[in-house]
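Before any comments, here is the structure.
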Amino acid sequence: MRIFKFGGASVQDASGIQNVVKVLETVGHQNTLLVVSAMGKTTNAMELVVKNYFEDKTKLQESFDTIYDYHYNVALELFETKQHPIFSRINDLFEQVKGFLAWNKSPKYSFVYDQVVGYGELISTSIISAYLDKCGMKNTWLDVRDCIKTNDNYREGTVNWEHTQRCITENVDQKQLNVTQGFLGSDDNNFTTTLGREGSDYTAAIFAYCLNADSVTIWKDVPGVLNADPRYFENAELLNKISYREAIELAFYGASVIHPKTLQPLQRKEIPLYVKSFANPTADGTAVMKGESISPKIPCFIVKKGLVLMKLSSLDFSFIVEENISEIFKLFHDNRMKVDLIQNSAISFSVCVDNKFNQLDDLLNTLKSKFKVTHYEDVSLYTIRHFDDQAINSLQNGKEVLVEQRTQQTVQLVVK
């Protein structure tokens with residue numbers, strides 16, 4: 001069996017959904033399970049519903065109407081008649097989420113978030129399943145919450161693999177075309193949970209693992225995995241093959257390749273992952289699998305912008321030792337700072353962090369009471385995997401390098 005994942009960009013409108021049919025007509029649709037995200041920016045719109053529910057209920061109906069009209073118009077373009085059963089289905093799903101908000105007593109934001117936001121996937125897959133039927137592609141719509149079981153850590157559910165294996169085996173007919181949702185699961189009380197960052201890709205990997213799938217294909221609006229983000233680097237090149245380990249390394253340094261949690265279950269059973277273009281489905285794209293680290297063997301460029309570099313040294317020129325470093329990292333944790341690079345010597349400690357939660361001032365005030373601190377805001381961290389001199393020179397040209405760090409395969413530069 002094959003697992004196909006279509007993200008929100010690929011099904012953001014009627015023409016995108018029609019293109020899904022074209023992809024399936026081109027590459028085949030038998031023995032296939034489709035994992036589909038919410039359409040376009042629906043998840044963001046659903047998050048606004050949750051925000052309005054907690055902060056301003058007078059705007060709640062307006063936020064619902066925006067989402068309803070969007071999906072209604074897409075369905076009308078696909079089915080051309082309001083009498084099609086899909087419109088009743090859409091209405092039912094909206095009534096379900098409104099009903100939940102009407103009777104909900106829980107003040108817990110994460111719990112409410114998971115019960116509401118997942119309706120984006122339920123609606124999108126209902127429309128797509130109905131449209132596939134209309135196009136002669138008989139399929140089974142699966143509620144992923146009956147298949148993937150997690151704990152009750154809402155917004156970051158941890159998969160119960162044993163229970164999930166049983167449920168997927170019971171619910172999935174591998175001889176059919178199946179359509180299900182990404183990002184979602186359910187806990188032991190059958191409340192909806194979400195799987196966190198890159199949840200839909202992870203969903204595809206979970207199904208692949210439990211079904212011993214032949215492959216997973218993620219259909220995107222790019223030709224595959226590139227060696228650099230074309231928004232920041234010229235002449236980005238397609239990578240034909242990447243090993244699981246290399247993909248995890250690239251993701252660790254910040255590349256938008258594939259999240260490690262998606263790769264881990266695939267790696268355990270050596271299930272290949274393909275990243276392909278939904279605009280050109282016959283092109284090879286990128287294969288992530290066991291084997292050589294990367295092909296072609298070219299430098300891979302990653303950049304993280306808007307970071308903060310801090311250089312700390314002891315007030316009395318004593319050594320920066322384990323006790324100091326432990327205290328520093330506790331402060332990073334307490335102030336919710338993500339550490340991207342560290343470098344230390346006998347009496348100094350440099351660290352590049354992401355001030356995502358805007359707690360830099362509090363952190364600096366605490367650090368300055370214990371250390372001599374110099375800091376630089378809005379720096380960029382460049383990482384080059386498989387670097388050569390030309391690649392390094394292209395980044396250093398005209399930039400002030402504040403920190404440089406090298407290993408055998410990787411060089412990192414913090415620049416102003």
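R231 and D229 are joined by a salt bridge, as a carboxylate oxygen and a charged side-chain nitrogen come within less than 4.0 angstrom of each other. A salt bridge does not link E162 with K149: none of the charged nitrogens is closer than 4.0 Å to a carboxylate oxygen.
Ring geometry for F79 versus H84: interplanar angle of 30 to 60°, hence tilted.
Residues D56 and T58 bring a donor and an acceptor atom of their side chains to less than 3.5 Å of each other. The closest side-chain donor-acceptor pair between T81 and Q83 falls under 3.5 angstrom. Donor-acceptor pairing under 3.5 Å is recorded for the side chains of T193 and T150.
Evaluation of the ring-ring contact (aromatic ring centres under 6.0 Å, His included) rule for Y109 yields F54 as partners, not counting sequence neighbours. Residues meeting the ring-ring contact (aromatic ring centres under 6.0 Å, His included) test with Y68, sequence neighbours left out: Y72, F94.
When all heavy atoms of A9 and D221 are compared, the closest pair comes out as CB-OD2, 4.4 Å.
Relative to the ring axis of W141, R89 places its NZ or CZ within 45° and under 6.0 Å from the centre.
The environment of E62 atom CD is sparse: at most 12 non-hydrogen atoms of other residues, nucleotides or ligands sit within 6.0 angstrom.
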Subject >> Working for ring-ring contact (aromatic ring centres under 6.0 Å, His included), residues F111 and F191 >> reply: CA-CA 9 Å; F111 171 75; F191 285 115; 5.0 Å; yes

Original post:
Could you walk me through whether D201 and K5 pass the salt bridge (charged side-chain N to carboxylate O under 4.0 Å, His left out) check?
Top reply: CA-CA 7 Å; D201 289 355; K5 183 260 178 172; 3.0 Å; yes

